[in-house]
Q: 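Pasting in a structure now, in structure tokens, and then I'll have a few things to ask.
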Amino acid sequence: MEYNFREVEKKWQEYWKEQKTYKTEIDHNKPKYYVLDMFPYPSGAGLHVGHPLGYIASDIFSRYKCHQGFNVLHPMGYDAYGLPAEQYAIQTGQHPAVTTERNIARYREQLDRIGFSYDWDREVRTCDPKYYHWTQWTFIQLFNHYYDQKHSAARPIVELVHDFETTGGFNTHPFGEPKPNFTASDWQQMDQAQKNQILMGYRLAYLADTFVNWCPALGTVLANDEVKEGFSVRGGHPVERKKMQQWFLRITAYAQRLLDGLETLDWSDSLKEIQRNWIGRSEGATIFFQLPAINNAIEVFTTRPDTIFGATFMVLAPEHEWVKDLTTPQYRDAVEEYVAFASRRSDRERMTEVKAISGQFTGAFAIHPFSGKKLPVYISEYVLAGYGSGAIMAVPAHDSRDYAFAKHFGLEIIEVVAGGNIYEASYDAKEGILVNSDFLNGMQVQDAIAEAVRRIEEKGIGTGRINFRLRDAIFSRQRYWGEPFPVYYRDGHPEMLPEESLPLPLPQIDKYLPTETGEPPLARAKNWHTPEGWNYEVNTMPGFAGSSAYYLRYMDPHNTQQLVSKEAVEYWQSVDLYVGGAEHATGHLIYARFWNKFLFDLGVAATQEPFKKLINQGMIQGRSNFVYRIKGTNTFVSHGLRQQFDAIPLHVDVNIVHQDILDQEAFKKWNPEYKDAEFILENGKYLCGWEIEKMSKSFHNVQNPDDLIERYGADTLRLYEMFLGPIEQAKPWDTNGIEGVFRFIRKFWRLYHNKNNQWDVNDTEPSLAELKILHKTIKKVSDDIERFSFNTAVSSFMICVNELGELNCNKRAILEPLAVLISPFAPHLAEELWWQLGHNQSITKAKYVQWDENLITDDTVVYPVSFNGKTRFKVELPAGYSAIEVEQAVLDAPEAVKWLEGKTPKKVIVVLGKIVNVVI
RNA sequence: GCCCGGGUGGCGGAAUUGGUAGACGCGUUGGUCUCAAACACCAAUGAUAGCAAUAUCGUGCCGGUUCGAUCCCGGCCCCGGGUACCA
């Protein structure tokens, strides 16, 4: 008879559910703590063992905080909109809502079996109209606000309109293009269409034409973070450039705040670095170069204004709007051809051919603002239309790309910063003395940059400027399964729906495909227009719309009047601990921070940053097993003998392999093809090979939690996932080790029971040794939880149980606190023991246990004694000894004679409580 | 190419960042219990040499700082992630 985990786990899961043990309400008598998991997209495949890793860690931390007296908010929900459900709908005609519902039910069932402490009354789903009501509401607010650069905050667009009406925009400083350049009476005389167009340049949600990442296979536009190396992240389809009208979010307005906010966050350095690079701040200057031929000046952005005297030519992006105007008749054909060539090329092609230099002279010349020299104007792909002003001053001596271009076209190279050898390569470093540079000669680079900016501003030919790499976020998707925009078009102009009419529900359509004329699927919907007959927007919102403020909604999920009530947001503030994957670094985690900052400006969010501390759980890799089939036969050779044959490795289902030994009968049944398989064994066994790979169906290495829970129980699974290694580190899943944790759980149970599995705990006074073990463990485990080192916490429990087991300890004074200590890790086991200990309330309500430092400190210290750094022997000395006493005791020790070899030590280093080193 | 991480037994990892390298677990080997198996328990387990006590070597490689380096510094190699002409 042993611990019956199946019965016990089922019993307490039902009890917790019935009693709503994990229900959370605002409680002003307790400090709050908010623990959040990145909510999952419920895929059809269900959870595999990699998914719950982060959930288990956050659950342990939640339960720990709860025991410590915090009022813990720990919710869960679903990021329910997404491409897979829609792709499935296209193939089968099944409504995505139906598959999504089914997948959610499956996820819930799996999650419930692991014993999480979620407050399910707070569940949200992004596809629920009650939820996306507030996603739509936020979009309306974005449309109706602009970013005021003077106050660094979003302001209602009506304030901007008012200022345009009264001063022509004298008092406001809106972020956007172009800068207001009209008087109040100019504005008043404009018609509504002109006004709308100007305002569109400042709204935080705006409609614009641009080149977008178009994915023909998915039939939609993708955001930058959804594209990787020219292919869609989801599905891996090719992506091309296409000019389209799209909704955008003006996230660039918040670039500086997004950058500054990183300093305040307790996130990993690597994650913050990824965001910094993605935001890509660079300081420099914009400078205007005169183009006499068209009587205009072209703007360039440079981070190296100090090298302005090294500028020997200019390069424009092929898409630059002035290319046509400035090209001389003589070069017209060649330029047109090059522009056409560039526009034809996909991002993919451009990327794979980075090294190939191409470009075309336009026939035009610009005038150097200081030297007055004529600089030839080129166009080339290596200058991007979307960054800076889409034009550069080329300084070949100090920029490797300009250098390559100059060499290719035989252009002049002038050294202006000493330190390199410009005959061999450009010298890009930001250090050295300026030469050939008129008023900058003799300066250090850093000083020269400042001086150049000063002169440029003084001369009125430019200004110091900061540029960001971050682009505005494309917010339209040509898909069905997403939030509808709360937008209709009146005479072609976008208008927001009144807030009272929200939510605008997603309509039914007959097919989940674009229309015959190429319009998005929503154009198929019948009556997709306002009661007045104005057509609704046919695009839907992207995946990140619904996931950008869900943490706020969890605070007050059933509020029909507001996104979140003042009271709830004031109490819960923001997320204290957020656990999820690092793959969201440039997507969700940027958008959510932006969205939160906007809501903060509105007074809806309570803090500048949504996620104070963030832990990235590392990916769980799969461990695949292989069998080796001898070519052309149905005979399989064991791993150790495979070299003697001409055999090819084949993936085999890891579920029919134990400790790398193949279950031959199961193998024959696994696939009809193998039913007559024969085996060449070694030592009577068929040994499989193994490899670490991605966990994937096609590799037959997927482990789902249900099977493991069935075999070992949820507590074992929880402990084992934590025991695997540091939470943030990627590591392979290897089921082989789970037996050890399973053994530990049963040993733990046996501390409280006798050989016949009968309850056996008594009230005898514990010994000092027993107390020491307990208090040492409390201290270690508590420390480990605080620093999210759950793998070492589990080992500490193992050591504790081994030690108590040796002492046959079955004393309440030890075992009762131990149950509380382990309850965050193994809640079912702990709950069962708790009630058997005579309590009549859930262990989750029990107070956390404290360690007593006096019980941990020992009276003696074992000093390792080393001679010249090599450990030779150990001496046990009283803990109170001073350095001199320790030194004396060590030199007097009988073992010391041998190592001293009769010499006098040169030096003796004593580190109290740690070590003694004798130098001879 | 550039920017971050990281290389420790047969395997996952520990050593809470300068103080006994290899905790804990898996695996392996031998043993106890059993008619047998399962379960459980005990012992050994970095490498090399030796019957042994013990000795030498050992944290990717080469060098340095230090009484002492897995940890700090310099150079190199390999693996993982991010990024991709961002002026």
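Computed from a prediction, not measured in an experiment: that's the story for all the values here. Chain naming here is simple, since letters A, B, ... match the order of the sequence lines and numbering starts at 1 in each.
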Q: So, A:Arg623 and A:Asp660, do they make that salt bridge, N to O below 4.0 Å?
A: yes
Q: Counting the atoms with a prime plus P, OP1 and OP2 as sugar-phosphate, which does A:Arg623 contact under 4.0 Å by heavy atoms, base, sugar-phosphate, or nothing?
A: nothing
Q: Quick one: A:Gln621 CD to B:G80 C1', roughly how many Å, whole number?
A: 9 Å
Q: Please report the distance, rounded to the nearest Å, between CH2 in A:Trp267 and C1' in B:G5.
A: 18 Å
Q: Just call it for A:Asn467: base, sugar-phosphate, or nothing, with non-hydrogen atoms closer than 4.0 Å on any strand.
A: nothing
Q: What is the distance from CD of A:Glu728 to P of B:C4, rounded to the nearest Å?
A: 18 Å
Q: Look at the side chain of A:Lys874 and the base of B:U20, then say whether one donor and one acceptor between them are separated by less than 3.5 Å.
A: yes
Q: What's the separation between atom CZ in A:Phe742 and atom OH in A:Tyr720, rounded to the nearest 0.5 Å?
A: 14.0 Å
Q: Please check if the number of heavy atoms outside A:Lys613 that lie under 6.0 Å from its NZ is greater than 12.
A: yes
Q: Would you measure the distance from the P atom in B:A14 across to the matching atom in B:G82 and give it in whole Å?
A: 23 Å
Q: What's A:Ile799 touching, base or sugar-phosphate or nothing? Going by heavy atoms closer than 4.0 Å.
A: sugar-phosphate
Q: Could you check whether A:Lys780 gets within reach of a base, just the sugar-phosphate, or nothing at all, counting any heavy atom under 4.0 Å?
A: base
Q: Mind checking the P distance from B:G6 to B:A15? Whole angstroms is fine.
A: 14 Å
Q: Can we say A:Glu721 and A:Lys731 salt-bridge, meaning some charged N sits less than 4.0 Å from an Asp/Glu carboxylate O?
A: no
Q: Starting at the 5' end of RNA chain B and moving along, which residue's nearest nucleotide shows up first, A:Ser866 or A:Asp783?
A: A:Asp783
Q: Taking any heavy-atom pair under 4.0 Å as a contact, classify A:Ile274: base, sugar-phosphate, or nothing.
A: sugar-phosphate
Q: Counting the atoms with a prime plus P, OP1 and OP2 as sugar-phosphate, which does A:Lys906 contact under 4.0 Å by heavy atoms, base, sugar-phosphate, or nothing?
A: nothing
Q: Please work out whether B:G9 sits syn or anti, treating a glycosidic angle within 90° of 0 as syn.
A: syn
Q: Using atom CZ of A:Phe723 as one end and atom P of B:G27 as the other, report the distance to the nearest whole Å.
A: 12 Å
Q: Counting Watson-Crick and G-U wobble pairs with both distances under 3.5 Å, what is the dot-bracket string for RNA chain B, 5' to 3', using [ ] for crossing pairs and | for pairs to another strand?
A: (((((((..(((......[....)))((((((.......))))))((((....))))..(((((..]....))))))))))))....
Q: In whole Å, what separates the P atom of B:G10 from that of B:U28?
A: 16 Å
Q: In whole angstrom, give me the gap between the P atoms of B:A23 and B:G9.
A: 13 Å
Q: Taking only side-chain N and O atoms of A:Gln729, does any of them lie within less than 4.0 angstrom of OP1 or OP2 on B:G13?
A: yes
Q: Base, sugar-phosphate or nothing for A:Arg281? Non-hydrogen atoms, less than 4.0 Å.
A: nothing
Q: In whole angstrom, give me the gap between the P atoms of B:A37 and B:C33.
A: 12 Å
Q: Answer with base, sugar-phosphate or nothing: what part of the nucleic acid does A:Ser282 contact at a heavy-atom distance below 4.0 Å?
A: sugar-phosphate
Q: Output yes when A:Lys272 and A:Glu263 qualify as a salt bridge under the 4.0 Å nitrogen-oxygen rule, no when they do not.
A: no
Q: Closest approach to the side chain of A:Pro726, judged atom by atom: which nucleotide of B:A14, B:U83, B:U20 is it?
A: B:A14
Q: Within a 6.0 Å radius of atom CD on A:Glu424, are there more than 12 heavy atoms belonging to other residues, nucleotides or ligands?
A: no
Q: How do A:Glu273 and A:Ser389 order along RNA chain B: which one's closest nucleotide is nearer the 5' end?
A: A:Glu273
Q: Taking atom C1' in both B:U59 and B:C71, what distance in whole Å separates the two?
A: 10 Å
Q: To the nearest Å, give me how far apart CZ (A:Phe742) and P (B:C26) are.
A: 13 Å
Q: Counting only heavy atoms not in A:Lys685, do more than 12 sit closer than 6.0 Å to its NZ atom?
A: no
Q: Indicate, with a heavy-atom threshold strictly under 4.0 Å, whether A:Glu739 touches base, sugar-phosphate, or nothing.
A: nothing
Q: Output yes when A:Glu876 and A:Lys874 qualify as a salt bridge under the 4.0 Å nitrogen-oxygen rule, no when they do not.
A: no
Q: Distance check: side-chain N/O of A:Asn616 vs OP1/OP2 of B:G81, anything under 4.0 Å?
A: no
Q: Tell me: CD of A:Glu2 to C1' of B:A38, nearest whole Å?
A: 11 Å
Q: Counting C-beta onward and ignoring hydrogens, is there a side-chain heavy-atom pair between A:Arg750 and A:Glu2 closer than 4.5 Å?
A: yes
Q: Looking only at atom C1', what distance separates B:U34 and B:G7, rounded to whole Å?
A: 47 Å
Q: Using atom C1' in both nucleotides, what's the gap between B:A49 and B:G60 to the nearest angstrom?
A: 26 Å
